[in-house]
Amino acid sequence: MNHVLLYCRPGFEKECAGEVQDKANALELFGFPRVKNNSGYVLFEFYQAGDADKFIQQQPFSQLIFARQMFASSQMLTDLPADDRISPILEAIGDDVPKCGDLRVETPDTNEAKELLKFCRKFTVPLRQAMRKSEILYTKDNSKKPVLHVCFVAPGCCFVGYSYSSNNSQFFMGIPRLKFPADAPSRSTLKLEEAFHVFIPRNEWDERLAPGMWGVDLGACPGGWTYQLVKRSMFVHAIDNGLMAQSLMDTGQVKHHAVDGFKFEPPRKNVTWIVCDMVEKPARVAHLMGEWLIKAWAKEALFNLKLPMKGRYDEVLQDIENLKVFLIQNGVKFKLQAKHLYHDREEITVHIQRLDTRSPH
Ligand code: SAM
């Protein structure tokens with residue numbers, strides 16, 4: 001297999017392709033992307049056999065912004081016969097796929113492709129059986145082993161490949177399934193919840209999203225993000241000139257400050273989380289988050305960078321690079337991840353965890 005297939009939000013194929021090209025070059029694994037606008041995926045073809053496997057091992061998935069999933073892949077299989085789709089798929093797998101612990105029969109995230117999901121669910125059962133029989137799959141699901149992906153892009157057309165469970169998205173189609181909580185004040189609440197799922201390992205939630213912590217929410221109204229913090233029994237300074245949902249104010253866990261988010265300073269330096277969803281220039285928001293971390297006013301930051309109409313990839317690279325330089329020059333040790341989440345539209349979400357424990361100033 002000398003291709004890598006990456007899923008992305010439809011309409012962001014160019015950004016995803018630009019990113020994978022840069023990362024492949026940096027690893028000295030050479031090839032080129034094939035892009036079809038609004039397809040919800042990018043196929044990257046490497047010149048050398050074996051380089052696709054090197055890429056999915058060496059390129060940390062967590063450091064890709066626009067890809068929701070990546071796996072080493074076959075070329076597109078077309079015209080699968082309706083009476084036997086399984087044989088050509090098994091043939092395409094050949095000898096160079098490691099034995100897998102899970103099978104995901106998926107589609108890209110486009111409306112047309114998603115119409116195939118019902119078929120995918122049904123087809124998974126006989127395909128899994130055939131794969132177990134041919135010893136491509138272990139007889140029991142094993143989340144530590146590689147994952148086999150079959151991605152249907154149209155009826156009778158699919159890609160077949162595998163990802164490593166230590167370096168992929170753990171989610172089917174690369175999308176965490178979240179249910180909108182009926183009592184949340186806005187749909188944006190799912191952006192913050194998804195960010196927690198993607199950026200914070202589940203076994204660290206009790207410690208890093210702990211009851212009693214303080215959070216600051218810049219651009220908080222009507223309160224979808226604040227709701228996520230309140231739900232975890234945290235206290236929140238909600239900063240916005242607008243109105244906060246009364247249900248949140250009634251909890252007694254929220255202090256509303258009708259002031260400019262760029263000027264707010266927390267009254268006590270006991271804040272763990274700074275979150276920010278202000279609709280503002282991304283460079284300005286990134287700089288503000290840098291200042292919060294440099295002053296040690298918060299330990300972890302989660303924020304959106306709203307993307308411009310044009311040059312979206314370049315803007316993101318520039319803002320993140322500037323922010324990293326700003327933090328490094330000020331002696332901050334940190335871990336940074338950025339992702340175009342499923343619930344993000346024309347924006348990406350960035351998470352920074354401060355790794356040192358300096359006292360605030
Ligand atoms: N995260 C919110 C939620 O889940 O309900 C939605 C936030 S909405 C996308 C953006 C908010 O940012 C608006 O309510 C707006 O008033 C606020 N905003 C924009 N600029 C601001 C500033 N300089 N200071 C404070 N709030 C600001």
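Excluded from the calculations below are hydrogen atoms, water molecules and symmetry mates; all remaining heavy atoms, backbone and side chain alike, are included. Counting starts at 1 for both ligands and their atoms, following the listed order.
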Response to the item:
atom 13 (C) of ligand 1: of Asp240, Thr226, Leu190, Ile239, the nearest heavy atom sits on Asp240
Worksheet item: If you count the atoms of ligand 1 from 1 in the order shown, which ones are under 4.0 Å from a heavy atom of Gly223?
Response: 3 (C), 5 (O)
Item to complete: For the residue pair Gln57 and Asp53, confirm or rule out a side-chain donor-acceptor distance under 3.5 Å.
Response: yes
Worksheet entry | Protein contact to atom 25 (C) of ligand 1 [nearest heavy atom, distance to 0.1 Å] | Gly261 N, 3.4 Å
Worksheet entry | Residue pair His351 / Glu300, side-chain donor-acceptor N/O under 3.5 Å | yes
Worksheet entry | Min N/O separation Gly224 to ligand 1 under 3.5 Å | yes
Worksheet item: Is a side-chain donor-acceptor pair under 3.5 Å present for Tyr313 with Asp22?
Response: yes
Worksheet item: Heavy atom under 4.0 Å from ligand 1: found in Phe262's side chain, backbone, both, or neither?
Response: side chain
Response to the item:
Taking only non-hydrogen atoms of Met278 and a 4.0 Å limit, the atoms of ligand 1 in range are 12 (O), 21 (C), 22 (C), 23 (N), 24 (N), 25 (C), 26 (N), 27 (C)
Worksheet item: Are the aromatic rings of Phe264 and Phe262 close, with centres under 6.0 Å apart?
Response: no
Practice prompt. Compare all side-chain heavy atoms of Ile348 with those of Phe66 and state whether any distance is below 4.5 angstrom.
Written response: yes
Worksheet, complete the sentence: So for Asn241 against ligand 1, with non-hydrogen atoms under 4.0 Å, the contacting part is neither
Worksheet item: Tell me, which protein residue and heavy-atom name are nearest atom 10 (C) of ligand 1, and how many Å apart are they?
Response: Asp277 O, 3.4 Å
Discussion item. Quick check against the 3.5 Å criterion: does Thr107 have a side-chain atom that pairs as donor or acceptor with the backbone of Phe152?
Written reply: no
Worksheet item: Relative to each other, are the rings of His149 and Tyr7 parallel, tilted or perpendicular (30° and 60° limits)?
Response: perpendicular
Worksheet entry | Region of Pro222 engaging ligand 1 - heavy atom pairs below 4.0 Å | both
Worksheet item: Which residue holds the protein heavy atom closest to atom 26 (N) of ligand 1, what is that atom called, and what is the gap in Å?
Response: Gly219 CA, 3.7 Å
Fill in: Cys221: numbered ligand 1 atoms lying under 4.0 Å from its heavy atoms
2 (C), 5 (O), 6 (C), 7 (C), 8 (S), 14 (O)
Discussion item. Side chain or backbone, does Trp225 bring an N or O within less than 3.5 Å of an N or O on ligand 1?
Written reply: yes
Worksheet item: Is the shortest N/O to N/O distance between Glu280 and ligand 1 below 3.5 Å?
Response: no
Worksheet item: Within less than 4.0 angstrom of ligand 1, does Gly242 place any heavy atom?
Response: no
Practice prompt. Return the set of residues passing salt bridge (charged side-chain N to carboxylate O under 4.0 Å, His left out) with Glu135 (not counting sequence neighbours), or none when no residue passes.
Written response: none
Worksheet item: Side chains of Glu115 and Asn111: donor-acceptor distance under 3.5 Å anywhere?
Response: no
Worksheet item: Which of the numbered atoms in ligand 1 are below 4.0 angstrom from a heavy atom of Asp260?
Response: 22 (C), 23 (N), 24 (N)
Worksheet, complete the sentence: Contacts of Leu243 meeting side-chain contact (heavy atoms from CB on, under 4.5 Å) (sequence neighbours excluded), chain-then-number -> none
Worksheet item: In ligand 1, which numbered atoms sit nearer than 4.0 Å to a non-hydrogen atom of Ser186?
Response: 3 (C), 4 (O), 5 (O)
Worksheet item: Does Ala220 approach ligand 1 within less than 4.0 angstrom via side chain, backbone, both or neither, non-hydrogen atoms only?
Response: backbone
Discussion item. Could you check whether Trp273 and Phe196 have their ring centres less than 6.0 Å apart?
Written reply: yes
Worksheet item: Could a heavy atom of Val259 be found less than 4.0 Å from some atom of ligand 1?
Response: yes
